[in-house]
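Please read all numbers here as calculations on a predicted model, not as lab measurements. Reminder, nothing fancy here: chain letters follow the sequence lines and each chain counts from 1.
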Amino acid sequence: MRLSRYFMPTLKEDPKEAQIVSHRLMLRAGMIQQSSAGIYSWLPLGHRVLKKIEQVVREEQDKAGAVEILMPTIQPADLWRTSNRYDDYGKEMLRIEDRHGREMLYGPTNEEQVTDIFRSHVKSYKDLPLNLYHIQWKFRDEVRPRFGVMRGREFLMKDAYSFDLDYEGAKVAYNRMFVAYLKTYARLGLKAIPLRADTGPIGGDLSHEFIVLADTGESEVFYHKDILSLQTPEDKDFSTEELQGIVDEWTSLYAAADEMHDAENCPVSDGDLITRRGIEVGHIFHFGTKYSEPFDAKVAGPDGKDVTVSMGSYGIGVSRLVGGIIEACHDENGIVWPESVAPFKVGLINLKSGDEACDAACDDLYAKLQAAGVEVLYDDTNERAGGKFAKMDLIGLPWQVTIGPRGLKDGVVEFKNRSSGEKEELSPEAALNRLVS
RNA sequence: CGGGGCGUAGCACAGCCUGGUAGUGCGCUCGCUUUGGGAGCGAGAGGUCGCAAGUUCGAAUCUUGCCGCCCCGACCA
């Protein structure tokens, strides 16, 4: 993409409404534009990142055996009356009336909808286990939206819903998602920690929040220091026993959010306990028959008798992750994207646009990168060098190639890594090879 | 929902107290000079001062009502 033909409205100054770093950087990098409180438009750069994260999440869900569907944003009220949540949900639910006076709502979540789909079509235990997921926009009318996309009212979320014959089956489904989440966050360049979460009235031990460590995190977390050195599960199809082993390994070490943490009775000694702030980026939950019961979602078991299915739900806040990743990955000059979610892999800077030799060298490398399928943002504008460098640092692409007349005399270009700041002088061909391999 | 703050050009702000026809910096447009870390000079464009009512000869400025946004708290992916 040529910057001269792109739409990337960057700002030099900090917008005053943005207090936290990810929100400031997203606005300054021209990734989003606020529409109203907690509701944002995604501009090209932000949209690319959102789609990258979405794709990583999708791939890991697919690998874990979940099947993608897409449910609507607008749901009928009656569906929610079945589970008694139409009245219980309160003001966070955005209620709408259509032209015929029918009560509708903008979905804050989809348990009712997916259970309705399941019960309409699945009749036999032979069709289980089943895990259906979708990545869809949701709306929760938060009393106080804040922190940019990290706590918006409209947000993009991946929700998976598992259906099993019994608790044992549901536990396998749960473990499978638990492991998929560890892999997902690792691919996104994040160190995520699973915390035992409050299961509320349902009880049980099958609920975990995944949090990303960041100084600006919304809540305080306490954890055993060894949890940070645990290995991310490898990329393979695990057996039931292997899944349980991984979950046991990750949950045997202490980790709790402040509301669950009891300083008096903490099992970890002071020397091993680390306290930091974290951002919740996912939540997995087993809730048994809470929805299958009122929806009468049953399948015929092996003995021919109907069994009410055991369910779980598994959420990842996709749009929230954009902010969460920036909170975890930035420096004083701007964003430092993990390569897996960067909007472009490399920024190409033409230091003297209009100079014949310089233009030719840049255009040539640009064409070759494009031909090789490398995502490149080419700053071909005639802005001064300082502005170009500052802008590239702000948007945080993993690699930067700078071509100017001075280097070209010696046949070299500057090759820079955004994360380490390391610069090298390479021939254009060598730079190309680095980026293609 | 309780407490606090703010709405003046695309962005950040001054002007308001003490009413008199709208200003600064950045950004934008044009010209020239520049070109290796957010350039210099010159010339421009751009604002029903959030909305409405009131007071007044006259309101960005004073009064009242409304709307929007932000921050702290309680709540949440």
Side-chain angles (χ1 to χ4, degrees), chain A residues 9-20 23-24 27-28 30 33-39 57 89-93 107-110 135-160 181 192 195 197-198 200 207-212 217-219 257 259 278-285 313-324 333-334 349-355 358-359 379 381-394 400 402-410 412-414 416 421 423 425:
Chain A
T10 54
L11 300 171
K12 278 188 175 180
E13 291 177 85
D14 288 332
K16 67 172 173 185
E17 74 270 17
Q19 298 298 314
I20 66 160
H23 193 196
R24 274 205 305 270
L27 289 167
R28 285 196 48 208
Q33 177 171 335
Q34 181 163 347
S35 167
S36 60
I39 303 179
V57 170
Y89 215 92
K91 287 190 163 180
E92 292 212 341
M93 178 186 280
T109 179
N110 293 72
I135 299 173
Q136 177 63 292
W137 291 92
K138 298 183 182 333
F139 195 92
R140 290 184 197 166
D141 202 357
E142 297 277 349
V143 273
R144 193 185 154 208
R146 61 185 120 169
F147 305 145
V149 299
M150 296 226 292
R151 179 91 180 273
R153 290 194 292 171
E154 188 184 52
F155 53 97
L156 185 63
M157 196 159 166
K158 186 283 298 180
D159 267 311
Y181 274 38
L195 306 181
D198 190 1
S207 178
H208 287 88
E209 288 176 7
F210 289 78
I211 60 104
V212 171
E218 63 225 304
S219 57
E259 69 271 13
I279 301 164
E280 184 180 348
V281 290
H283 198 158
I284 61 178
F285 206 92
S313 76
Y314 315 89
I316 290 183
V318 176
S319 50
R320 164 178 277 200
L321 270 168
V322 181
N333 296 318
I349 293 180
N350 183 336
L351 271 183
K352 193 167 183 179
S353 184
D355 176 277
C358 206
D359 285 352
D379 189 344
T381 67
N382 51 22
E383 189 178 357
R384 295 175 68 85
K388 293 187 175 188
F389 286 124
K391 212 172 270 186
M392 282 295 179
D393 280 349
L394 175 63
Q400 179 176 302
T402 307
I403 300 183
R406 196 177 296 172
L408 281 181
K409 276 183 202 155
D410 304 326
V412 295
V413 302
E414 182 192 281
K416 181 182 162 191
K423 296 175 189 170
E425 302 226 306

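Here the closest heavy-atom approach between residue A/M157 and residue A/I316 is recorded as CG-O, 3.2 Å.
Of the residues in residues 152-160 of chain A, A/G152, A/F155, A/M157 come within less than 4.0 Å of RNA chain B through at least one heavy atom, sorted by number.
Side-chain N/O atoms of A/E383 and base N/O atoms of B/rG38 include a donor-acceptor pair closer than 3.5 Å. With hydrogens and angles left out, the side chain of A/E13 and the base of B/rG25 share a donor-acceptor pair within 3.5 Å. Between the side chain of A/K423 and the base of B/rG36, no donor-acceptor pair under 3.5 Å is found. A donor-acceptor contact under 3.5 Å is formed by the side chain of A/R151 with the base of B/rC75.
On the P atoms, B/rU24 is 15 Å away from B/rG15, given to the nearest whole Å. Atom P of B/rG46 sits at a distance of 14 Å from the matching atom of B/rA22, rounded to the whole Å. Annotation: B/rG44 and B/rG23 have their P atoms spaced 14 Å apart (nearest Å). To the nearest whole angstrom, the two P atoms, one in B/rC41 and one in B/rC26, are 9 Å apart. Nucleotides B/rG4 and B/rA9 are separated by 29 Å at their C1' atoms, to the nearest Å. Separating the P atom of B/rC51 from that of B/rG10 is a span of 13 Å, rounded to the nearest Å. Comparing the P positions of B/rC6 and B/rC62 gives a spacing of 12 Å, expressed to the nearest Å. Atom P of B/rU56 sits at a distance of 16 Å from the matching atom of B/rU61, rounded to the whole Å.
In this structure, of B/rC75, B/rA12, B/rG36, it is B/rC75 that holds the atom nearest to the side chain of A/R146. Checking B/rU35, B/rC13, B/rA74 against every side-chain atom of A/R384, the shortest atom distance belongs to B/rU35. Which of B/rA12, B/rC72, B/rA74 sits closest to the side chain of A/V143 comes down to B/rA74. The listed nucleotides are B/rC1, B/rG36, B/rC11; the one nearest the side chain of A/K91 is B/rC1.
When both distances must be under 3.5 Å, the Watson-Crick or G-U wobble mate of B/rG47 does not exist. When both pairing distances are held under 3.5 Å, B/rC16 makes no Watson-Crick or G-U pair with any nucleotide shown. Base pairing of B/rG54: its partner is B/rC62, meeting the Watson-Crick or G-U wobble criterion (both donor-acceptor distances under 3.5 Å). Checking B/rC1 for Watson-Crick or G-U wobble geometry (two distances, each under 3.5 Å) identifies B/rG73 as its partner. Pairing for B/rC11 goes to B/rG25, judged as Watson-Crick or G-U wobble with the two contacts each under 3.5 Å. Across all strands shown, B/rU33 is found opposite B/rA39 as a Watson-Crick or G-U wobble partner, with both distances under 3.5 Å.
Both A/V149 and A/L351 sit near RNA chain B, but only A/L351 has its closest nucleotide nearer the 5' end. Nearer the 5' end of RNA chain B, as judged by each residue's closest nucleotide, is the contact made by A/E414, out of A/E414 and A/R320.
Between the side chain of A/R24 and the backbone N or O of A/Q19, at least one donor-acceptor pair lies under 3.5 Å. The backbone N or O of A/N382 lies less than 3.5 Å from no partner atom in the side chain of A/K388, so there is not a single donor-acceptor pair. In terms of modelled atom types and a separation under 3.5 Å, the side chain of A/Y181 and the main chain of A/I284 share no donor-acceptor contact. Within the 3.5 Å criterion, the main-chain N or O of A/R151 finds no donor-acceptor partner in the side chain of A/R146. For A/N350 (side chain) and A/D379 (main-chain N/O), no donor-acceptor pair under 3.5 Å exists by modelled atom type. For A/R140 (side chain) and A/E92 (main-chain N/O), no donor-acceptor pair under 3.5 Å exists by modelled atom type. Listed for the A/R153 side chain is no donor-acceptor partner under 3.5 Å among the backbone atoms of A/E142.
Rounded to whole Å, the distance from CD1 on A/I403 to P on B/rG37 is 17 Å. Taking atom NZ of residue A/K388 and atom C1' of nucleotide B/rU34, one finds them 14 Å apart after rounding to whole Å. Rounded to an integer number of Å, the gap from A/K416 NZ to B/rG37 P is 13 Å. Regarding A/E142, its CD atom lies at a distance of 17 Å from the C1' atom of B/rC69, rounded to whole Å. If you measure from atom CG of A/D14 to atom P of B/rA12, you get 10 Å, rounded to the nearest angstrom. As a whole-Å value, the separation of A/K12 NZ from B/rC13 P is 17 Å. Atom P of nucleotide B/rG7 and atom CD of A/Q34 are separated by 17 Å, given to the nearest angstrom. Atom CG in A/L11 sits about 12 Å away from atom P in B/rC28, given to the nearest Å.
Heavy atoms of A/Q19 sit under 4.0 angstrom from primed sugar atoms or phosphate atoms, though from no base atom. Heavy atoms of A/G407 sit under 4.0 angstrom from at least one base atom. Counting any heavy atom pair closer than 4.0 Å across all strands shown, A/P9 reaches no nucleic acid atom. Within the 4.0 angstrom heavy-atom criterion, no nucleotide atom of any strand lies near A/S319. Within 4.0 Å (heavy atoms only), A/G404 reaches at least one base atom of the nucleic acid. Using a 4.0 Å heavy-atom criterion, one finds that A/G387 contacts the bases of the nucleic acid, with or without backbone contacts as well. Within the nucleic acid shown, A/K138 has no heavy atom closer than 4.0 Å to any nucleic acid atom.
Ion pairing between a basic and an acidic side chain is recognised when a charged N comes within 4.0 Å of a carboxylate O; A/K91 and A/D141 show no such pairing.
Here A/K391 contributes atom NZ and A/L11 contributes atom CG; the two are 10.5 Å apart, rounded to the nearest 0.5 Å.
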message = A/W137 vs A/E154, test: side chain to side chain contact (heavy atoms under 4.5 Å, CB included). Steps then yes/no.
response = CA-CA 7 Å; A/W137 291 92; A/E154 188 184 52; 3.9 Å; yes
